[in-house]
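See structure below.
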Amino acid sequence: MTRVELRGFGWRHAGRKAWALRDVTLRIDDGERVLLLGASGAGKSTLLAALAGLLAEDSGEQAGTVLVDGKPPRAAEAGMLFQDPQTALVMARAGDDVAFGLENLGVPRADIWPRVDGALAAVGFPYGRDRDTNALSGGEQQRLALAGVLALRPGLLLLDEPTANLDPAGAELIRLLLAGLDTTMILVEHRVAEALPLVERVVVLSPAGVVADGPPADIFGKPGAALAEQGVWVPGPSPVAARSGGTRGGVLLSTRGAALGYPGEDTRVFSDLDLEIAEGEALAVLGPNGAGKTSLALVLGGLLAPTAGSVAATARLAGADAATPPWKWRARQLAGRIGSVFQNPEHQFVTSRVRDEVALGPRRLDRPVPDGLLERLRLAHLAEANPFTLSGGEARRLSVATALAAAPAVLVLDEPTFGQDRRTWIELVDLIADLRDEGRGIVLVTHDEALVMAVADRRFRL
């Protein structure tokens, strides 16, 4: 087990004027289990990276000190699960990926594979060692990345949204697993009510330092309302009431017998799907990890061709191009008709400034850049920042903004509320509901049941 201490710690990313964190003074003793909360952009992921020894000197400026067991942290001593699990996967095969860290630590060869198999089984990884890591869904990647961390048996466990990409059953499995571990643990998690049984202490962070620290009962008592107003998630019911939709309009996009298979795979990702996306309707696509939800989103978004069946746009969406399937449209035509938000937001960023990223689509379509979009999504103060330096929640909101800026009639949103604090979650829910009520066709690929309850008019389960 491990002891952590920060004294006046601060970090400013290279190229940024504002500090991600300042004046953080915090002590976590051996074996303590801490829930780390804060609004989007409060510096939670930065703090975890500092404790893991992953903030390189040439990537920013540090103030104060960070100590793990009385020494500066080293990357090999902590187990860190990143908010984006894909960044942790380095090998082509699942088993090799989990074994990679063990080999680097010099674990005896005879012990490596039993530890790999044990970690894969513990996280509920549904495949064997030979599974191609590039063929995994986001939730499956998250399970694999967590297996790689747990196989190391670290004294300090740093978990950044460990259940965010998981279906409900998978999330519960991971929580049960974490409850049985005997290690110092710092957990960043927006599913606060579910996470509370795992911890004995809550620390609330802001860019200016620690704003609350104590047992959960004290943090979520009288101070709870004030924290919620600042964007911190607190236990309780959904912060928004359900917004029922209006009248369903005409069909914009439909599939008939659609199926998808990948080269070298014996089974199809999905098959025989009949769907309709209509004006003024929000369709929630649900299902367990690996069911094909993200693949379906790519097909509906015109970014991937089905291997069987059809995906067709109506004249309401495509005009004279309705006879041509969306995946054959030119990029300019596609962006103006169907907007997509990828599961990994960084995959769709192509410029070096937030402002330019939002303006790119409208300029290509000779349309004006929408007024107030950055303000509504609480990104205006980051207009000059590089998109790749944003926090996970900020990057997600930027990806939504880029899809909306081109004013498409259909929006396909893959986990649009991932990584959001309470305040920005409410903003996104209201924005999605407004777009639906304006007549857009909305597809929501999500594990966020509160989002589904708030805005979905129909559910489709894979």
Side-chain angles (χ1 to χ4, degrees), residues 39-40 161 163-169 171-172 189-196 220 224-225 227-253 275-288 291 293 296-297 300 339 341 343 372-373 376-378 393 396-397 399-401 403-404 408-462:
S40 179
E161 299 277 5
T163 66
N165 289 317
L166 299 182
D167 55 50
E172 180 60 20
E189 180 62 81
H190 283 131
R191 295 173 174 174
V192 175
E194 293 87 345
L196 285 181
F220 298 124
L227 292 174
E229 290 179 1
Q230 298 168 25
V232 178
W233 282 106
V234 298
S238 173
V240 299
R243 286 187 53 174
S244 57
T247 304
R248 184 178 190 262
V251 174
L252 298 168
L253 191 68
L275 279 176
E276 289 186 345
I277 315 302
E279 294 173 319
E281 183 179 56
L283 171 69
V285 177
L286 311 173
K293 300 183 299 297
L296 176 58
L300 293 174
V341 169
Q343 189 175 55
L373 190 56
R376 182 164 187 183
L377 292 174
R378 300 184 185 273
R396 167 58 70 213
R397 297 200 302 280
S399 67
V400 172
L404 299 183
V410 173
L411 285 162
V412 182
L413 311 177
D414 197 344
E415 297 290 359
T417 56
F418 170 81
Q420 299 309 304
D421 62 32
R422 180 186 176 97
R423 187 168 49 190
T424 56
W425 185 91
I426 293 171
E427 293 283 358
L428 277 173
V429 169
D430 286 341
L431 180 58
I432 291 168
D434 289 345
L435 292 167
R436 177 203 60 194
D437 295 346
E438 291 170 5
R440 313 284 181 93
I442 311 287
V443 179
L444 302 169
V445 174
T446 185
H447 292 300
D448 187 346
E449 182 61 25
L451 170 65
V452 175
M453 293 294 293
V455 300
D457 303 297
R458 280 195 299 135
R459 302 183 182 209
F460 178 81
R461 182 169 294 275
L462 275 175

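For reference, positions follow the sequence shown, starting with 1. Hydrogens, waters and symmetry mates are skipped; everything else that's a heavy atom, side chains included, is used.
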Point to revise | Test side-chain contact (heavy atoms from CB on, under 4.5 Å) applied to L431 and L377, step by step | key: CA-CA 9 Å; L431 180 58; L377 292 174; 3.8 Å; yes

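In terms of the side-chain contact (heavy atoms from CB on, under 4.5 Å) criterion, residue partners of T417 (sequence neighbours excluded) are, by chain and number, W425, D448, L451. Among residues two or more places apart in sequence or in another chain, the side chain to side chain donor-acceptor pair (under 3.5 Å) test is passed with R396 by S399. For the side-chain contact (heavy atoms from CB on, under 4.5 Å) test, residues two or more places apart in sequence or in another chain that qualify with E279 are L252, R316. Applying the side chain to side chain donor-acceptor pair (under 3.5 Å) criterion to R423, with sequence neighbours excluded, gives no partner residue. Take R243 and apply the salt bridge (Lys or Arg N to Asp or Glu O under 4.0 Å) test, not counting sequence neighbours, and it matches D430, D434, D437. Judged as a side chain to side chain donor-acceptor pair (under 3.5 Å), and not counting sequence neighbours, the contacts of E189 are T163. When the salt bridge (Lys or Arg N to Asp or Glu O under 4.0 Å) test is applied to R248, the partners found at least two apart in sequence or on another chain are E276, E281. Residues passing the side chain to side chain donor-acceptor pair (under 3.5 Å) test with E172 are R175, sequence neighbours excluded. Legend: residues meeting salt bridge (Lys or Arg N to Asp or Glu O under 4.0 Å) with R436, ordered by chain and number and at least two apart, are D457. Applying the side-chain contact (heavy atoms from CB on, under 4.5 Å) rule to A228 yields the partners V234, R422; only residues at least two apart in sequence or on another chain are considered. Contacts of E449 classified as salt bridge (Lys or Arg N to Asp or Glu O under 4.0 Å), with partners at least two apart in sequence or in another chain: R459.
Formation of a donor-acceptor pair under 3.5 Å by the R376 side chain with backbone atoms of E427 is not found in this model.
Counting only N and O atoms by type, the side chains of H190 and Q420 include no donor and acceptor under 3.5 Å apart.
Pairs engaging residues 439-462 under the ring-ring contact (aromatic ring centres under 6.0 Å, His included) rule: none recorded [sequence neighbours left out].
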